[in-house]
Amino acid sequence: MTARSTTRPLSPHLQHYRPEITSILSVLHRATGIVLGLGAVGLAWWITALALGGSAQSVTHWLLTSWLGYLALFGWTFALGFHLCNGVRHLFWDAGMGFEMDSVRRSGKAAVGGALLLTVIVWIVVIV
Amino acid sequence: MSDAKNTDKKSKADDAAKDTAKNDDQQHQNDKQKDEIKVARTQTDPSLLTRLAQRTAYRRATALGASGTGAAIWTVQRMTALALIPLALWFLVSILSMLHAPATTAAAWLGAPWNAALIGAFVLVALRHGTIGFRVILEDYVHSEGWRVASIALVYAIAALSALATVVGLAVLIFTHIGG
């Protein structure tokens, strides 16, 4: 029982498949999901720091507005944009739509395009 | 030649007769089995029922395997995803444009009840959505059951603490905003 459960391969066995836009975006959906999860905890910390005031507030603000903070926020924005667009793609699949291979590829490219567009728009607004 | 044919026919007829006999016998066997199943269904061994119930309760408690709750979690993941679409867009528009502002402006902005309510909804729904996703990933890649359960528990604990911090923090900011 234990021998079987430790030796049998688990399902997403990525290294055996040739990467394609479909699989890359599937992996990217999970990766951006992880980034967003960490970001949600960071957001909870930001709110807590603002409520605490004092040094917690100033250190957090200094960290967020440092170049590292901006880089993290930029990455987080792209992660949110992609996970949002690709999530909408997933919701269409859940509704039984868009399963043809060429439409899967097209919607994948659209999700990447939408994510880039959203990131650029948001950061133009931030910088200007 | 004709004799041989006749015997052939005869043997075939015999076989057919045997077959029907066999079929009858089979039919009889089937009926008997059905009766037994009926009896078993009406007079189920109560200990079997208890064991089945316990097994279901155990699966439910550990939430591993077919515990009967997977479909509900699937729905929660989709519903939170739908709710997060407008919340995330609102968040992107309103929060990131405040990066230039000093921290005290951000605190005052979060203290406005509508902003606090929306950002609270965003964080809490995102944490619920995220725990489902993290759990699926851990279930896929963490091979040992002990580490799998431990890591999922850690994710849930961090999410719970973050939710608590968000709610308390927003409450403090609202009261400061109203009082100040």
Quick check on A:Trp93: does its CH2 atom have over 12 non-hydrogen neighbours (other residues, nucleotides or ligands) under 6.0 Å away?
yes
Would you mind checking which part of B:Leu110 comes under 4.5 Å of any heavy atom in chain A, side chain (CB onward), backbone (N, CA, C, O), both or neither?
side chain
I would like to know whether B:His129 and A:Leu36 meet side-chain contact (heavy atoms from CB on, under 4.5 Å); could you show each step before the answer?
CA-CA 10 Å; B:His129 184 81; A:Leu36 292 172; over 6 Å; no
Same apolar cluster (I L V M F W Y, side chains within < 4.5 Å links), A:Val35/A:Leu28
no
In Å and rounded to the nearest 0.5 Å, what is the CG to CG distance from A:Leu118 to B:Leu92?
6.0 Å
Does A:Phe78 share a hydrophobic cluster with A:Leu64, counting links as ILVMFWY side-chain heavy atoms below 4.5 Å and allowing steps through other members?
no
Closest non-hydrogen atom pair between B:Gly169 and A:Ala51, with its separation
O-CB, 3.5 Å
Would you say the side chain of B:Tyr141 lies within less than 4.5 Å of the side chain of A:Arg30, judging by non-hydrogen atoms?
yes
Verify the neighbour count for atom OH of B:Tyr156: are there more than 12 heavy atoms of other residues, nucleotides or ligands below 6.0 Å?
yes
Between A:Trp76 and A:Phe82, is there shared hydrophobic-cluster membership here, with clusters defined by ILVMFWY side-chain heavy atoms closer than 4.5 Å?
no
When you group the ILVMFWY residues by side-chain heavy-atom contacts below 4.5 Å and let the links chain together, are B:Trp147 and B:Phe134 in the same group?
yes
From the list A:Val88, A:Thr60, A:Ile121, A:Leu43, the residue making the most non-hydrogen contacts under 4.5 Å with chain B is A:Leu43
Rounded distance [0.5 Å steps], CG in A:Leu50 versus OG1 in B:Thr104
9.5 Å
Side chain, backbone, both or neither: which part of A:Ile127 has an atom under 4.5 Å from a heavy atom of chain B?
backbone
Hydrophobic cluster membership, with links at side-chain heavy-atom distances under 4.5 Å among I/L/V/M/F/W/Y: are B:Ile119 and A:Val126 in one?
yes
What do you reckon, are the aromatic ring centroids of A:Trp46 and B:Phe91 less than 6.0 Å apart?
no
Could you tell me which of A:Val41, A:Leu91, A:Asp94, A:Leu80 has the largest number of non-hydrogen atom pairs under 4.5 Å with chain B?
A:Asp94
Where on B:Leu89 is there a heavy atom nearer than 4.5 Å to chain A: the side chain, the backbone, both, or neither?
side chain
Closest approach of B:Ile85 and A:Leu84, non-hydrogen atoms and distance?
CA-CD1, 3.8 Å
Check A:Thr48 against B:Ala165 and note the closest heavy-atom contact, atom names and distance.
OG1-CB, 3.3 Å
Heavy-atom proximity to chain B below 4.5 Å, by part of A:Trp45:
neither
Ignoring hydrogens, what is the shortest heavy-atom contact between A:Gln57 and B:Ala107? Give both atom names and the distance.
NE2-CB, 4.0 Å
All heavy atoms of B:Leu127 vs all of A:Ala40, minimum pair found to be CD2-CB, 4.0 Å
Heavy-atom distance under 4.5 Å to chain A: side chain of B:Ile158, backbone, both or neither?
side chain
